[in-house]
2 protein chains.
Amino acid sequence: MERSQSEARERVLVAAEQLFAQKGYGPVTLRQIGARAGLNHSSLYHHVPGGKADLFVEVMERIYARHRAGLTAALGAAGPDLRRQLYAAARWLLSQPPMDLVRLEHIDMVELAPAQVQQLSNGAYAALQLPLVEVLAAAHERGEIAEEDLDLISGGLVGMIESLFAVSEAVAGKSRMMMAERLIDVMLNGLRPRL
Amino acid sequence: MERSQSEARERVLVAAEQLFAQKGYGPVTLRQIGARAGLNHSSLYHHVPGGKADLFVEVMERIYARHRAGLTAALGAAGPDLRRQLYAAARWLLSQPPMDLVRLEHIDMVELAPAQVQQLSNGAYAALQLPLVEVLAAAHERGEIAEEDLDLISGGLVGMIESLFAVSEAVAGKSRMMMAERLIDVMLNGLRPRL
DNA sequence: GTCTATATAAAGATAGAC
DNA sequence: GTCTATCTTTATATAGAC
């Protein structure tokens with residue numbers, strides 16, 4: 001093992017994951033992470049000598065890995081129908097904390113070193129875009145969708161679904177998943193009436 | 001005048017607007033705002049006695065007012081065609097700093113008092129959704145769009161366009177405006193081929 | 001209106017005892 | 001591995017001179 005794969009270290013990573021996913025990089029303090037992991041904040045440096053920034057990058061990698069696995073599994077379990085696949089992707093994304101890639105790009109990453117920024121950018125693309133691009137490519141080959149720029153489409157879909165996290169379900173009067181399904185239907189069929 | 005409408009106060013509000021729009025609430029310090037306004041940070045309390053939180057709310061109200069006016073003007077100047085109207089809305093949104101409503105809802109607002117939260121939520125809706133809902137309603141009456149839930153559609157459109165702020169134009173190889181136009185076309189016509 | 005000086009709190013990080 | 005204690009910095013906020 002290349003790192004101290006202790007049980008306490010795992011607790012630290014889980015605690016940091018919950019807090020970073022919820023509030024981003026800046027607002028989370030090492031004392032909060034330590035408290036949630038049952039440790040004094042100074043003990044974190046034993047498990048993650050690189051400090052807060054290194055901890056954030058490692059935790060984001062874990063989040064990306066889970067998203068990539070979760071999205072791929074959801075898409076695989078949805079069967080061959082594109083609409084059901086996109087529903088499944090939405091269900092997965094809405095089951096997780098918001099990724100808020102705009103915040104990540106414009107706020108969190110500003111505080112990190114360039115190499116860390118590059119690492120996170122690549123991870124986000126592989127986790128959130130690639131699985132969707134694959135099913136879109138298959139649908140494109142079947143002639144079900146016309147558009148060729150699948151990166152653009154997958155990004156637009158993810159952005160639209162994630163933006164539902166800004167909507168209060170109480171105010172909207174329906175669940176985010178219901179809203180996501182209608183928006184996906186619009187993306188598939190278009191706002192303009194079909195003849 | 002109910003407040004000290006001095007020239008220095010205006011400089012403070014402009015400086016705060018730029019910084020809050022760029023980084024959100026937490027990461028911005030009063031010292032940064034003061035420096036940009038040419039004032040010691042302690043002098044800010046003369047112009048905004050309520051401190052950082054009050055300053056943020058007042059500044060966000062100004063941002064909302066500008067968005068509402070800018071969006072309405074852009075839509076009006078676009079003429080009667082829905083596609084051109086949506087293009088104009090995208091051009092406006094992409095000309096301004098990201099609003100990042102997910103961050104606002106899940107991070108910034110957590111640090112504010114409930115009354116301030118309510119005020120900001122209402123302002124965001126009136127600024128970003130209402131102008132779009134109006135043109136969508138007109139198009140709906142002309143029979144150009146089938147979907148009835150116009151709040152959902154306008155929210156999805158805004159979220160999709162704003163999510164382009166997470167995309168590097170250098171990586172994508174095209175401008176955000178070009179991407180926005182293609183996504184709007186997809187929303188209008190659908191991914192599925194029209195016969 | 002603006003400043004200096006300061007109070008108070010909390011952040012990231014390190015040293016060293018156990 | 002974990003702690004206490006501390007260093008250093010920086011944040012919001014206030015008091016009071018000018």
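Everything numeric here is computed off the predicted structure, so don't read it as measured data. Letters A, B, ... mirror the listed sequences (proteins, then strands); counts begin at 1.
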Inset, instruction - Scan nucleotides 13-18 of chain D nucleotide by nucleotide, 5' to 3', and note B when protein non-hydrogen atoms come under 4.0 Å of the base, S if they reach only the sugar-phosphate, - if neither. - result: BB----

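Contact annotation for B:V12: no contact, since no heavy-atom pair falls under 4.0 Å across all strands. Contacts of B:T29 with the nucleic acid, taken as non-hydrogen atoms under 4.0 Å apart, involve only primed sugar atoms and P, OP1 or OP2. Across all strands shown, B:V48 has no heavy atoms under 4.0 Å from either base or sugar-phosphate atoms.
Across C:dT2, C:dT4, D:dG1, the shortest atom-to-atom separation from the side chain of B:N40 is found for C:dT4.
Note on ring orientation: taking the six-membered ring where Trp is involved, the planes of A:Y25 and A:F20 are parallel (angle under 30°, cut-offs 30° and 60°).
Salt-bridge formation is detected for the pair A:R182/B:E147: a Lys NZ or Arg NE/NH1/NH2 atom is positioned less than 4.0 Å from an Asp or Glu carboxylate oxygen. Salt-bridge annotation for B:E10 and B:R62: present, with a side-chain N of the basic residue lying under 4.0 Å from a carboxylate O of the acidic one. Note on A:E61 versus A:R66: no salt bridge recorded, every NZ/NE/NH1/NH2 to OD/OE distance being 4.0 Å or above.
Phosphate proximity of D:dG1 to A:S43: absent, as no side-chain N or O sits under 4.0 Å from OP1 or OP2.
Surrounding CZ of B:R68 are at most 12 heavy atoms belonging to other residues, nucleotides or ligands under 6.0 Å away.
Two end axes, each from the C1' atoms of five base pairs, can be drawn for the helix from C:dG1-D:dC18 to C:dC18-D:dG1; they diverge by 0°, to 10 degrees.
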